[in-house]
**Q** 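My structure is below; once you've seen it, I'll send some questions.
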Amino acid sequence: MQNIVLTLIIAFTTFTVAVSCFQVPAASAADIGQEHSWTGFTAGIQSGYAWNNRADFISGSDGNMSADFNGSILGGFAGYNRDLGNGWVAGLEADFDKNWGDGNAFLGIYSYALDWQGSVRGRVGNAFDGVLVYGTAGWAYARSYTDVMGLEKTKETFNGYTIGVGADFLVTDMVFGRIEYRYTDFGSETFAFEIGTTDSDMDQHAIRAGLGVKF
């Protein structure tokens, strides 16, 4: 719990400081929202916290397990949005994050982690008063490893889907803040060792805060 609170404090502080660098008067922000076009390329940074879970089925063993291995995430995003009229906006976005979630089982003999993750998603939303509220869904991928003491560490790339909701809000005509929640099912992969295999299913709940620029 302390790690979660610390991560959220760091993310909020970073976001607040960054926004303050570009802060404009409230009246100006409202005027910008009335005239703003969301059409254009975007890029930004994001950070947050991920609640990861892995269910492992170990061949030839009764030592099957399901465990949480939560951790901070930090990365960036880039995409393109287009105004469709009447406040509706559609776009495409990709992101990539470092994930610090890891864990172990069976007295440390068996360890695992999620190294990094990314996604390519569509986004559809509605904009009003300088805020774009959106839904997003698409392909997700991640690199995870399993390490059994005395054996070579094995890495696999997972592929699945992600879905979520979020909001972008204008700070200036070019700078926007973001808050987003996503659920991701990374699917399943098999880790092969000299003495057997481990079939792993992995999913995640994550909250991110970000700061971006529209070009």
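Along the sequence shown, residues carry numbers from 1.
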**Q** Could you check if a side-chain atom of V213 sits within less than 4.5 angstrom of a side-chain atom of F176, using non-hydrogen atoms only?
**A** no
**Q** Taking only Lys NZ, Arg NE, NH1 and NH2, and the carboxylate oxygens of Asp or Glu, determine whether D115 and R143 approach each other closer than 4.0 Å.
**A** no
**Q** With salt bridge (Lys or Arg N to Asp or Glu O under 4.0 Å) as the rule and sequence neighbours excluded, what pairs involving residues 179-190 come up?
**A** D95-R182, E180-R182
**Q** Could you tell me if R121 sits above the aromatic ring of F77, with its cationic atom closer than 6.0 Å to the ring centre and no more than 45 degrees from the axis?
**A** no
**Q** In sequence, state the C-alpha distance, the side-chain angles, and the governing distance for D147 and Y110, and then conclude on side chain to side chain donor-acceptor pair (under 3.5 Å).
**A** CA-CA 6 Å; D147 191 8; Y110 187 89; over 6 Å; no
**Q** What I want to check is whether the side chains of Y134 and N126 have a donor and an acceptor closer together than 3.5 Å.
**A** no
**Q** Find out whether W88 and W38 are in side-chain contact, i.e. whether some heavy atom of one side chain is under 4.5 Å from a heavy atom of the other.
**A** no
**Q** Same cluster for I207 and Y183 if Ile/Leu/Val/Met/Phe/Trp/Tyr side chains link at under 4.5 Å?
**A** yes
**Q** Checking side-chain polar atoms at under 3.5 Å, does T198 have a donor or acceptor matched by the opposite partner on R54?
**A** no
**Q** Please examine the side chains of V148 and F193, heavy atoms only from C-beta on, and report whether any two atoms are closer than 4.5 Å.
**A** yes
**Q** Examine Y80 together with F41 and report whether their ring centres are nearer than 6.0 Å.
**A** yes
**Q** Once you round to the nearest 0.5 Å, how far does CZ of F169 lie from CZ of R178?
**A** 10.5 Å
**Q** Can we call the ring centroids of W139 and Y161 under 6.0 Å apart?
**A** no
**Q** Starting from L74, can I reach Y141 by hopping between I/L/V/M/F/W/Y residues whose side chains sit under 4.5 Å apart?
**A** no
**Q** Closest heavy-atom contact between V89 and A127?
**A** CG2-CB, 4.4 Å
**Q** So which heavy atom on V131 is nearest to which on A167, and how close?
**A** CG1-CB, 4.4 Å
**Q** What orientation do F191 and F158 show, parallel under 30°, tilted 30 to 60°, or perpendicular over 60°?
**A** tilted
**Q** Does the salt bridge (Lys or Arg N to Asp or Glu O under 4.0 Å) test come out yes or no for D168 and R123, once each step is laid out?
**A** CA-CA 12 Å; D168 293 345; R123 302 199 320 157; 3.3 Å; yes
**Q** Cluster question for you: counting only ILVMFWY and a side-chain heavy-atom cut-off of under 4.5 Å, with indirect links fine, are I195 and I58 together?
**A** yes
**Q** According to a 4.5 Å side-chain heavy-atom criterion applied to Ile, Leu, Val, Met, Phe, Trp and Tyr, with indirect links allowed, do W116 and V120 form part of one hydrophobic cluster?
**A** yes
**Q** Keeping S72 on the side-chain end and Y49 on the backbone end, is there a donor-acceptor pair under 3.5 Å?
**A** no
**Q** Run Y181 and H205 through side-chain contact (heavy atoms from CB on, under 4.5 Å) and show every step you take.
**A** CA-CA 8 Å; Y181 161 80; H205 296 270; 2.7 Å; yes
**Q** What heavy-atom pair brings A142 and M202 nearest, and what distance separates the two atoms?
**A** CB-CE, 4.2 Å
**Q** Just by distance, with hydrogens left out, do N53 and Q204 show a side-chain donor and acceptor under 3.5 Å apart?
**A** no
**Q** Ignoring hydrogens and angles, state whether a donor on the side chain of W51 or D68 is under 3.5 Å from an acceptor on the partner side chain.
**A** no
**Q** Say you draw a straight line from OG of S66 to CG of D201; how long is it, rounded to the nearest 0.5 Å?
**A** 9.5 Å
**Q** Are any of the side-chain heavy atoms of L170 and H36 separated by less than 4.5 Å?
**A** yes
**Q** Is F106 reachable from L151 through a run of hydrophobic residues whose side-chain heavy atoms are each under 4.5 Å from the next?
**A** yes
**Q** Could you walk me through whether V175 and L211 pass the side-chain contact (heavy atoms from CB on, under 4.5 Å) test, one step at a time?
**A** CA-CA 7 Å; V175 179; L211 188 70; 4.0 Å; yes
**Q** Please name the pair of heavy atoms, one in S119 and one in T162, separated by the smallest distance, quoted to 0.1 Å.
**A** CB-CG2, 4.0 Å
**Q** Regarding D102 and Y112, is there a side-chain donor-to-acceptor distance under 3.5 Å anywhere?
**A** no
**Q** Which heavy-atom pair separates N159 from T157 by the least distance, and what is that distance?
**A** ND2-O, 3.8 Å
**Q** Distance-only, no hydrogens or angles: does the T184 side chain make a donor-acceptor pair with backbone N or O of F186 under 3.5 Å?
**A** no
**Q** Can K214 and D173 be said to form a salt bridge (Lys or Arg N to Asp or Glu O under 4.0 Å), step by step?
**A** CA-CA 8 Å; K214 182 180 81 72; D173 190 49; 5.7 Å; no
**Q** Within the distance-only criterion (no hydrogens, no angle test), does the side chain of N52 pair as donor or acceptor with the backbone N or O of F69 below 3.5 angstrom?
**A** yes
**Q** Please check: side-chain N/O of N99 versus main-chain N/O of I73, any donor-acceptor pairing under 3.5 Å?
**A** no
**Q** Just wondering, do Q46 and D97 contact through their side chains at under 4.5 Å, heavy atoms?
**A** yes
**Q** Would you check if the side chain of S37 reaches a backbone N or O of T39 as a donor-acceptor pair within less than 3.5 Å?
**A** yes
**Q** Evaluate side-chain contact (heavy atoms from CB on, under 4.5 Å) for L114 paired with W100, printing each intermediate quantity in order.
**A** CA-CA 7 Å; L114 203 169; W100 279 275; over 6 Å; no
**Q** Could you tell me the separation between the CG atom of D199 and the CG atom of D56, rounded to the nearest 0.5 Å?
**A** 8.5 Å
